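Values in this document were obtained by computation on a predicted structure and should not be read as measured data. Throughout, numbering of the chain's residues begins at 1 and tracks the sequence.
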Amino acid sequence: MSGLVNALVIIAVIALVVVRQCSAQRISGDRRWWVLPGVLLVMALREPGLVDPHHRTASAVVLGAELLVGLVTGAGWAWTSRVRRAEDGSLWSKGTRATALVWAGGLTLRAALYGVATVLGVRQGTPALMAALAATLLVREGLLTLRAASIPGPHGGPVVGAAVRQERKERV
């Protein structure tokens with residue numbers, strides 16, 4: 001029964017994430033967008049079990065595939081999100097139906113990789129999942145930041161990155 005409860009909790013969390021990503025969220029323009037993915041990656045690398053010691057080669061191949069799926073999912077997530085500037089000059093992103101499809105595709109590929117790993121006898125732990133999530137978030141945030149920076153400011157003004165640099169110059 002515990003396995004069924006865990007599966008239901010995972011499905012509920014995934015549904016919550018997809019629903020939240022399909023609602024409008026403000027893009028802060030913070031230059032520290034890479035911190036959370038970086039922390040996740042460090043945590044994944046510090047945990048034992050990133051690579052199964054009994055099946056090193058197969059485990060490394062599955063981990064590489066998992067990271068590739070994470071990178072592609074993050075890129076798809078970023079490119080399928082709408083990015084717009086509000087009248088007050090703030091930047092917003094909102095996922096689309098295509099974003100939900102990217103998520104579903106990424107989850108399907110991850111489930112298939114888990115199945116392949118199980119058939120090969122490779123044990124995948126939490127560190128592999130954290131590393132893939134870090135890759136997904138890193139690519140998504142990086143691409144959203146680039147896309148947001150390319151949107152002209154209010155009234156044709158400077159882009160976000162240029163505005164930040166101008167504020168720093170004025171303070172000095």
Side-chain angles (χ1 to χ4, degrees), residues 2-25 27-28 30-83 91-150:
S2 175
L4 177 61
V5 172
N6 287 343
L8 291 174
V9 168
I10 289 169
I11 290 169
V13 168
I14 290 168
L16 178 65
V17 168
V18 170
V19 168
R20 283 192 67 212
Q21 294 311 312
C22 289
S23 62
Q25 293 183 336
I27 299 174
S28 68
D30 187 6
R31 290 184 173 261
R32 292 174 280 159
W33 54 266
W34 53 270
V35 172
L36 177 61
V39 168
L40 281 173
L41 188 59
V42 168
M43 288 174 58
L45 294 173
R46 291 191 59 176
E47 286 287 318
L50 184 62
V51 177
D52 185 350
H54 302 294
H55 305 92
R56 288 190 187 277
T57 304
S59 180
V61 168
V62 171
L63 176 63
E66 180 78 21
L67 291 173
L68 182 62
V69 167
L71 293 172
V72 170
T73 302
W77 184 8
W79 287 113
T80 59
S81 295
R82 288 191 185 113
V83 180
L91 289 165
W92 292 80
S93 73
K94 180 179 180 182
T96 62
R97 287 184 184 147
T99 306
L101 291 174
V102 166
W103 265 94
L107 291 174
T108 302
L109 287 172
R110 284 190 173 117
L113 283 172
Y114 185 78
V116 167
T118 301
V119 168
L120 294 174
V122 174
R123 184 185 163 280
Q124 281 192 297
T126 307
L129 180 62
M130 282 195 299
L133 182 59
T136 300
L137 293 175
L138 186 66
V139 170
R140 186 237 183 207
E141 294 298 323
L143 287 176
L144 271 182
T145 300
L146 287 174
R147 288 184 63 203
S150 70

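In this structure, CD in Gln124 is found 9.5 Å from CG in Leu50, a value given to the nearest 0.5 Å. Distance check, rounded to the nearest 0.5 Å: CZ of Arg110 to CG of Leu133 gives 7.0 Å. Between the CG atom in Leu146 and the CD atom in Glu141 there is a gap of 11.5 Å [rounded to 0.5 Å]. The CG atom of Leu143 sits 12.0 Å away from atom CH2 of Trp77, with the distance rounded to the nearest 0.5 Å. Here the OG1-CG distance, from Thr57 to Asp52, works out to 11.0 Å after rounding to the nearest 0.5 Å.
Side-chain atoms of Thr73 never come within 3.5 Å of backbone atoms of Gly70 as a donor-acceptor pair (strictly under, hydrogens ignored). Formation of a donor-acceptor pair under 3.5 Å by the Ser59 side chain with backbone atoms of Val122 is not found in this model.
The two atoms that bring Leu41 and Ala134 nearest to each other are N-CB, 3.8 Å, heavy atoms only. Smallest separation of non-hydrogen atoms from Ala44 and Pro127: CB-O, 3.3 Å. Scanning both residues, Ala135 and Leu71, for their nearest heavy atoms gives CB-CD2, 3.8 Å. The two residues Gly121 and His55 make their nearest non-hydrogen contact at O-CE1, 3.1 Å. Closest approach of Thr99 and Ser81 over heavy atoms only: OG1-N, 3.8 Å.
Within 6.0 Å of CH2 in Trp34 there are 12 or fewer heavy atoms belonging to other residues, nucleotides or ligands.
Proximity of Arg147 to Trp79: side-chain heavy atoms (C-beta onward) are separated by under 4.5 Å at one or more points.
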